Amino acid sequence: MVEIEIFYIQNTLIFRQKHSELVIIPQHVDNLKTLEDPKTFSQYFLEHALVNRSARKLFTAWLRKDSGLWKKTYEILKRGEDDLKGHLREKD
């Protein structure tokens with residue numbers, strides 16, 4: 001599986017795989033950080049943070065390939081620190 005890169009820079013979350021990229025803007029990142037319940041977190045992420053159908057379809061396709069993507073996303077947001085290297089690579 002090709003790795004999904006997760007960047008957390010200036011309160012913005014960026015997912016990248018090959019030539020596809022999803023950006024979660026700071027307003028949604030702030031809201032996601034306040035959510036503790038995993039179901040509420042995932043529901044908000046899919047319904048609000050991913051602002052269009054194409055983004056939701058891409059992210060759900062990534063979820064089917066990487067079951068740990070939710071956990072990685074949640075942990076990065078809870079940590080809330082910019083990655084000093086510029087990005088964090090997550091592999092299966």
Side-chain angles (χ1 to χ4, degrees):
M1 176 180 150
V2 177
E3 65 188 62
I4 297 172
E5 295 176 309
I6 304 173
F7 299 80
Y8 183 84
I9 302 170
Q10 297 178 352
N11 208 35
T12 302
L13 195 60
I14 302 165
F15 297 86
R16 185 180 299 150
Q17 183 186 37
K18 291 186 182 180
H19 303 291
S20 298
E21 186 172 271
L22 293 175
V23 177
I24 309 301
I25 61 175
Q27 173 188 352
H28 293 302
V29 170
D30 288 338
N31 290 336
L32 286 164
K33 285 180 180 180
T34 65
L35 302 174
E36 298 292 330
D37 178 49
K39 185 175 180 179
T40 306
F41 179 87
S42 61
Q43 183 176 8
Y44 182 90
F45 192 93
L46 292 172
E47 293 177 5
H48 300 286
L50 298 172
V51 296
N52 61 44
R53 184 173 182 254
S54 298
R56 286 188 295 274
K57 285 180 73 173
L58 177 60
F59 190 78
T60 55
W62 287 348
L63 285 173
R64 285 190 297 273
K65 294 178 182 177
D66 183 357
S67 60
L69 188 56
W70 275 128
K71 183 178 179 185
K72 296 171 198 172
T73 302
Y74 185 81
E75 289 173 354
I76 287 170
L77 285 176
K78 290 303 175 184
R79 188 176 65 226
E81 301 172 355
D82 281 1
D83 186 2
L84 298 177
K85 298 175 193 167
H87 68 277
L88 175 65
R89 292 183 180 197
E90 299 290 347
K91 292 186 179 182
D92 220 7

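As the structure is a computational prediction, the values presented were derived from the model and not from experiment.
Cluster membership for L77 and W70, using ILVMFWY side-chain heavy atoms within less than 4.5 angstrom, is shared. Put simply, I76 and L46 are part of the same group of oily side chains (I, L, V, M, F, W, Y) that touch within less than 4.5 Å, one to the next. Placement of I25 and I14 in two distinct hydrophobic clusters is found when ILVMFWY residues are connected by side-chain heavy-atom separations under 4.5 Å, directly or transitively.
The structure places CG of D30 at 12.5 Å from CD1 of I24, a figure rounded to the nearest 0.5 Å. Note: Q17 CD to W62 CH2 = 6.0 Å, rounded to the nearest 0.5 Å. In this structure, the separation between NZ on K72 and OG on S67 is 8.0 Å, given to the nearest 0.5 Å. How far CZ of R16 is from CZ of F7: 4.0 Å, rounded to the nearest 0.5 Å. Atom CG of residue L69 and atom CZ of residue R64 lie 12.5 Å apart, to the nearest 0.5 angstrom. For the atom pair CD1 (I4) and OG (S20), the distance works out to 10.0 Å, reported to the nearest 0.5 Å.
A side-chain donor-acceptor contact under 3.5 Å links K78 to the backbone of K33. Judged by distance alone, the side chain of R56 and the main-chain N or O of L50 form a donor-acceptor pair under 3.5 Å.
No side-chain heavy atom of F15 sits less than 4.5 Å from a side-chain heavy atom of L58. At a threshold of 4.5 Å between non-hydrogen side-chain atoms, the residues V23 and E21 count as touching.
Residues F45 and H28 keep their aromatic ring centres 6.0 Å or farther apart.
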Next on the checklist: Go through it in stages, so that I can follow the logic: the residues are T12 and V29, the test is side chain to side chain contact (heavy atoms under 4.5 Å, CB included), and I'd like the CA-CA distance, side-chain angles, deciding distance and then a yes or no.
Outcome noted: CA-CA 7 Å; T12 302; V29 170; 5.6 Å; no

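For the residue pair F59 and L22, the shortest heavy atom distance occurs at CB-CD1, 3.8 Å.
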